[in-house]
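Encoded as structure tokens, the structure appears first; notes follow it.
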Amino acid sequence: MFISFEGGDGCGKSTQQRRLAAWLESRGREVVLCRDPGSTSLGDAVRNILLHGTELKIADRTEMFLFMAARCQMVEELIRPALVAGKVVLSDRFLMSSFVYQGFAGGVPLESLESTGRIAVDGIMPDLSVVLDLPYEVAVRRIGGRAEPDRMERKGEEYHRRVRDGFLHFARIDPRRCEVVDATKTPGEVEQAIRDKISGILS
Ligand code: TYD
């Protein structure tokens, strides 16, 4: 089983990813955690360019290719072997993030994302994407205390408002594979909502 966690910055994805992993392990499942972009040597190098290469010129389509390249490597090195071995994979972000950040908010045409995405994931897609939905104002308040904003976080308010709308848009058009969870709730409540959904899939 393959589950991805999606949502804007500050929505609590990584916390929920860890909590779900602990719960699944307590039920005897072997769990592999990853984060997109990252989780391989190449992916970490590309992540560093994408998030901290603030001195680099990166065109919108170049940005798309870099996210796709990191993802492709993660699929081949980590996700596919784990799924073949019967493990549960929990990924902090996956292809949906490219559709939202580079496409819906960034203006790269959907067809470009569909075709490069198909090549990058080569048939490996989440059984479920958990979309943690958070209003822009709440996200800003939550991440306000964090260190320096990274290259993506510097894209401005209008961009990040579109990111939120983008996640809701893509979740709405694929309701069977996407579960939207209200991320303004407490971490415990969000965790329970996710467990309820996963229990249904496991049984
Ligand atoms: P992430 O590590 O989830 O950062 P955060 O913990 O701050 O949410 O993701 C890194 C950034 O990369 C985030 O701003 C979203 C962006 N991103 C894209 O623009 N496209 C993509 O395909 C992915 C996977 C992430």
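Atoms within each ligand, like the ligands themselves, are counted from 1 in listed order.
Residue D150 has no nitrogen or oxygen atom sitting less than 3.5 Å from a nitrogen or oxygen atom of ligand 1, judged on distance alone. Looking at Y101 next to ligand 1, no N or O pair under 3.5 Å apart turns up. Checked by distance only, ligand 1 and D9 come closer than 3.5 Å through their nitrogen or oxygen atoms.
Side-chain contact between P126 and R177: absent, with no pair of heavy atoms (C-beta onward) separated by less than 4.5 Å. The closest side-chain heavy-atom distance from F94 to I79 is below 4.5 Å. In this structure, the side chains of D36 and R47 stay at 4.5 Å or more apart for every pair of heavy atoms.
Of the candidates R93, R35, M68, it is R93 that places a heavy atom closest to atom 3 (O) of ligand 1. Considering each of F99, F67, F94, the one bringing a non-hydrogen atom nearest atom 16 (C) of ligand 1 is F67.
R161 has a carboxylate O that lies under 4.0 Å from a charged side-chain N of E157, or vice versa, which qualifies the two as a salt bridge. Between R195 and E191 a salt bridge is recorded (basic side-chain N to carboxylate O distance below 4.0 Å). E137 and R164 are not joined by a salt bridge, as no carboxylate oxygen comes within less than 4.0 angstrom of a charged side-chain nitrogen.
With ligand atoms numbered from 1 in the order given, ligand 1 contributes 21 (C), 22 (O), 24 (C) to contacts under 4.0 Å with heavy atoms of R71. Close contacts between ligand 1 and E153 involve ligand atoms 7 (O) [criterion: under 4.0 Å to a heavy atom]. Within ligand 1, the atoms closer than 4.0 Å to a non-hydrogen atom of S98 are 21 (C), 22 (O), numbered from 1 in the order shown. Within ligand 1, the atoms closer than 4.0 Å to a non-hydrogen atom of Q102 are 18 (C), 19 (O), 20 (N), 21 (C), 22 (O), numbered from 1 in the order shown.
At the shortest separation from atom 6 (O) of ligand 1 among protein heavy atoms lies K13 NZ, 4.0 Å. The closest protein non-hydrogen atom to atom 2 (O) of ligand 1 is R47 NH2, 2.7 Å. Distance from atom 24 (C) of ligand 1 to its nearest protein heavy atom, with residue and atom name: D36 O, 3.2 Å. Annotation: atom 11 (C) of ligand 1 to nearest protein heavy atom, L51 CD2, 3.7 Å.
Considering OG of S199 and CD1 of I194, their distance stands at 11.5 Å, rounded to 0.5 Å.
S91 and S4 form no side-chain donor-acceptor contact under 3.5 Å, judged by distance and modelled atom types alone.
The residue L95 has no part lying near ligand 1, judged by heavy-atom distances below 4.0 Å.
The aromatic rings of F170 and F104 sit perpendicular, their planes meeting at an angle over 60°, well past the 30° parallel limit.
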